There are 2 protein chains.
Amino acid sequence: MRLIVARCEIAYSGRLATHLAEAIRLLMIKADGTVMVWSDSGGQRVRPQNWMSPPTVIEEHGQPLERLVVRKLRGEEQLEIRVAEVLSDALHEMGPPIEVPALQKDGEERDLQELLAERPQCCGEGFRLVRREWPTDIGPVDLMCRDEAGAWIAVEIKRLATIEAVEQLTRYLERLKHDPALADCRGVLAAQSFKPQARVLAEARGLRCVEIDLQALRGDRAPELQLFAA
Amino acid sequence: MRLIVARCEIAYSGRLATHLAEAIRLLMIKADGTVMVWSDSGGQRVRPQNWMSPPTVIEEHGQPLERLVVRKLRGEEQLEIRVAEVLSDALHEMGPPIEVPALQKDGEERDLQELLAERPQCCGEGFRLVRREWPTDIGPVDLMCRDEAGAWIAVEIKRLATIEAVEQLTRYLERLKHDPALADCRGVLAAQSFKPQARVLAEARGLRCVEIDLQALRGDRAPELQLFAA
DNA sequence: GTCTTTATTTCGATT
DNA sequence: AATCGAAGTAAAGAC
């Protein structure tokens with residue numbers, strides 16, 4: 001990885017056009033060809049001010065560095081950096097890619113869906129899983145279940161249930177009910193947490209909200225089932 | 001900005017939980033309190049492997065550095081970095097925040113709206129603009145037009161039209177039609193590109209989809225602004 | 001490859 | 001402060 005601290009001016013053109021007036025910035029050039037531009041403070045905090053992702057071709061001009069042109073291998077994107085002054089320029093050897101361990105994540109929506117697919121009864125008493133990712137022509141329903149009476153239930157799973165999740169589930173139900181066999185299909189929104197507005201809208205539409213406790217679900221003990229009154 | 005290259009192991013807990021096994025990484029600590037963790041190669045390219053945005057409290061232990069704990073000022077998030085070996089540790093003065101120039105952008109949705117407002121006929125033959133940002137109590141309609149016969153058309157503009165754009169336009173139309181004068185109002189979705197699902201839903205609801213060529217639109221007005229020759 | 005959805009989305013604007 | 005919508009979204013997964 002090469003880290004350059006420089007006073008520079010930057011122009012990007014591609015998906016849109018941007019311009020950055022001259023200032024001191026960090027230029028980060030990764031081994032995989034990624035180029036990023038960072039300022040120490042200002043608007044962008046966790047995102048670079050400018051960047052280009054691989055595959056890139058990097059042209060370097062001047063000794064010391066005067067100009068850096070980054071081009072996308074395929075496509076009409078270009079990042080042009082005019083360097084007025086180099087304050088630091090260091091190359092760091094950070095080991096072969098093979099030795100880079102992957103990030104282990106736990107607690108994403110996928111984990112939640114997997115756990116609920118294993119224990120559909122957490123979404124409602126007596127629920128049995130019929131299919132995960134039930135296809136419709138406007139996207140897949142997370143879980144399709146039937147209850148003890150054989151009635152259908154479409155389950156939408158979110159980490160955080162927003163008003164948008166309610167809309168999504170509503171669309172699915174609207175679509176599913178076109179099939180006479182699913183005309184009685186109900187909707188359940190299962191999430192770790194709910195925005196107040198989402199809860200209100202869901203209830204107004206006759207959708208049930210089920211708050212999921214990931215820890216309880218993951219534990220061996222019988223998970224608690226907490227329902228909001230409908 | 002402080003840049004540390006170190007062999008380290010990292011654990012994050014907060015919105016979810018992650019773990020990174022020991023490897024050489026860049027630790028980037030910005031003046032605004034942002035902390036980011038970067039690997040030279042691997043999965044994440046333009047996004048850090050781990051991060052915490054301000055406001056943060058950073059605890060530093062050991063001389064040389066052995067442990068770095070980053071906590072969110074308000075909230076239950078924590079990033080713990082166990083440092084096995086420091087390969088480089090440099091502090092860079094990058095000037096006061098006031099001198100950091102903002103990013104100038106051109107080519108966003110707003111630009112598209114401006115261009116279409118100048119040329120409403122691109123959204124449909126004979127369209128005349130009545131008003132841009134026509135107010136409703138659920139938000140403004142991008143363009144309100146009338147055709148040669150005097151019929152009303154609500155135009156929703158997107159760079160990329162998704163199913164959500166169809167929902168938005170549907171809501172506007174439902175709202176507008178409460179006014180008897182606008183009871184015949186039609187809907188047009190204008191976008192640079194369309195998701196297939198958005199097309200399906202739009203057609204099912206009787207909305208017309210119009211694909212906009214930004215280059216052509218802009219070329220009509222100011223050909224010299226074209227960056228890449230065809 | 002294409003297409004779709006998620007994200008510790010981030011980010012800015014508006015209420 | 002909370003909400004809403006856009007992003008050069010990026011990146012992972014399904015088909």
Side-chain angles (χ1 to χ4, degrees), chain A residues 11-18 34 36-37 42-54 72 75-79 102-103 105-113 132-133 135-142 156-160 162-165 167-168 192 195-198, chain B residues 11-18 34-37 42-54 70 72 74-79 102-113 137-140 142 156-165 167-168 171 191-200:
Chain A
Y12 163 80
S13 66
R15 286 182 258 184
L16 52 54
T18 73
T34 307
M36 286 176 277
V37 177
Q44 306 285 353
R45 299 187 294 188
V46 171
R47 294 193 163 207
Q49 286 196 305
N50 271 131
W51 71 93
M52 198 168 291
S53 54
K72 198 83 173 190
E76 298 177 338
E77 285 186 280
Q78 182 177 310
L79 191 62
L103 180 68
K105 288 188 183 183
D106 178 32
E108 294 176 298
E109 186 181 306
R110 172 139 298 276
D111 301 307
L112 199 56
Q113 193 190 114
R132 210 174 133 189
E133 305 278 351
T136 79
D137 55 1
I138 55 169
V141 178
D142 287 337
E156 176 62 33
I157 300 167
K158 285 277 181 282
R159 233 155 45 88
L160 171 66
T162 62
I163 214 160
E164 178 47 37
E167 297 282 20
Q168 192 180 346
Q192 284 187 272
K195 292 264 181 183
Q197 290 185 342
Chain B
Y12 164 80
S13 67
R15 288 181 259 185
L16 52 57
T18 72
T34 307
V35 177
M36 286 176 277
V37 177
Q44 305 285 0
R45 300 185 293 189
V46 171
R47 302 194 59 145
Q49 286 197 304
N50 271 132
W51 71 93
M52 196 170 292
S53 54
V70 187
K72 199 82 174 190
R74 262 181 178 78
E76 297 174 348
E77 285 185 280
Q78 182 176 311
L79 192 62
L103 181 68
Q104 303 293 323
K105 288 186 183 184
D106 176 35
E108 296 174 300
E109 182 183 308
R110 202 165 40 81
D111 302 304
L112 192 58
Q113 192 190 115
D137 53 3
I138 55 167
D142 286 337
E156 176 62 33
I157 300 167
K158 286 279 182 277
R159 236 154 47 89
L160 172 66
T162 63
I163 214 163
E164 182 47 38
E167 296 282 23
Q168 195 180 343
R171 285 196 298 271
Q192 286 186 269
S193 63
F194 286 79
K195 294 262 182 180
Q197 292 185 344
R199 267 218 165 89
V200 170

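Below, chains carry the letters A, B, ... as their sequence lines are ordered, and counting in each starts from 1. The model shown is predicted, which means the values in this text are computed figures rather than measured ones.
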query = Considering only heavy atoms from C-beta outward, does the side chain of A:Glu167 approach that of B:Glu164 to under 4.5 Å?
reply = no
ask   = So, do A:Pro48 and A:Val37 sit near enough that their side-chain heavy atoms are less than 4.5 Å apart?
value =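 No; the side chains remain at least 4.5 Å from each other.
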ask   = Taking the side chain of A:Leu16 as its heavy atoms from C-beta onward, which of C:dT5, D:dG8, C:dT8 lies nearest to it?
value = D:dG8
request  = Choose from D:dG8, C:dT8, C:dT6 the nucleotide whose nearest atom is closest to any side-chain atom of A:Lys158.
outcome  = C:dT6
Between atom [atom1] in [X] and atom [atom2] in [N], what is the gap in whole Å?
| X | N | atom1 | atom2 | result |
| --- | --- | --- | --- | --- |
| B:Glu164 | C:dT6 | CD | P | 13 Å |
| B:Glu167 | D:dG5 | CD | C1' | 15 Å |
| B:Ile163 | D:dA6 | CD1 | P | 15 Å |
| B:Leu160 | D:dG5 | CG | C1' | 14 Å |
| A:Arg110 | D:dA11 | CZ | P | 18 Å |
| B:Phe194 | C:dC3 | CZ | P | 15 Å |
| A:Trp51 | D:dA11 | CH2 | C1' | 14 Å |
| A:Asp142 | C:dT5 | CG | P | 10 Å |

ask   = Looking for any heavy atom pair under 4.0 Å, which part of the strands does B:Lys72 touch: base, sugar-phosphate only, or nothing?
value = nothing
task = Could you tell me whether A:Glu133 contacts a base, only the sugar-phosphate backbone, or nothing, with contacts defined as non-hydrogen atoms closer than 4.0 Å?
result =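 A:Glu133: no heavy atom of the nucleic acid under 4.0 Å.
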Under 4.0 Å from OP1 or OP2 of [N]: is there any side-chain N or O of [X] that close?
| X | N | answer |
| --- | --- | --- |
| B:Arg45 | D:dA11 | yes |
| B:Gln197 | C:dT5 | yes |
| A:Arg47 | C:dT8 | no |
| A:Gln49 | D:dG8 | no |
| A:Gln44 | C:dC11 | yes |
| B:Lys195 | C:dC3 | no |

key: Non-hydrogen atoms of B:Lys105 and A:Leu16 that approach each other most closely   =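 Closest approach of B:Lys105 to A:Leu16: CD-CD2, 4.2 Å.
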message = Could you report the tightest heavy-atom contact between B:Ala198 and B:Ile163, atom names first, then the distance?
response =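 Taking every non-hydrogen atom into account, CB-N, 3.7 Å.
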query = What integer number of Å spans the P atoms of D:dG8 and D:dC4?
reply =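 Going atom to atom, P in each nucleotide, I get 22 Å.
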message = Say we look at C:dC11 and C:dA7: how far apart would their C1' atoms be, to the nearest angstrom?
response =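 One C1' to the other, the span is 14 Å.
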inquiry  = Here's a test of your reading of the structure: between B:Pro48 and A:Gly139, which maps to the more 5' nucleotide of DNA chain C?
reply    =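 Checking each residue's closest nucleotide, the 5'-ward one belongs to A:Gly139.
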Closest-nucleotide ordering on DNA chain C, the 5'-leading residue of A:Gly107 and B:Ser53 =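 The residue closer to the strand's 5' end, by nearest nucleotide, is A:Gly107.
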ask   = Side chain of A:Glu77, base of D:dG8: donor and acceptor closer than 3.5 Å?
value = yes
message = Taking the nucleotide of DNA chain D with the nearest heavy atom to each, does B:Ile157 or A:Pro196 sit closer to the 5' end?
response =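 Nearer the 5' end of the strand: A:Pro196.
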key: Qualifying residue for side chain to side chain donor-acceptor pair (under 3.5 Å) with A:Tyr12, from A:Gln49, A:Gln78, A:Glu77   = A:Glu77
message = Main chain of A:Leu79, side chain of A:Lys72: is a donor-acceptor contact present, judged purely on distance under 3.5 Å?
response =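 Not at all, since once roles are kept as given, no pair shorter than 3.5 Å links the two residues.
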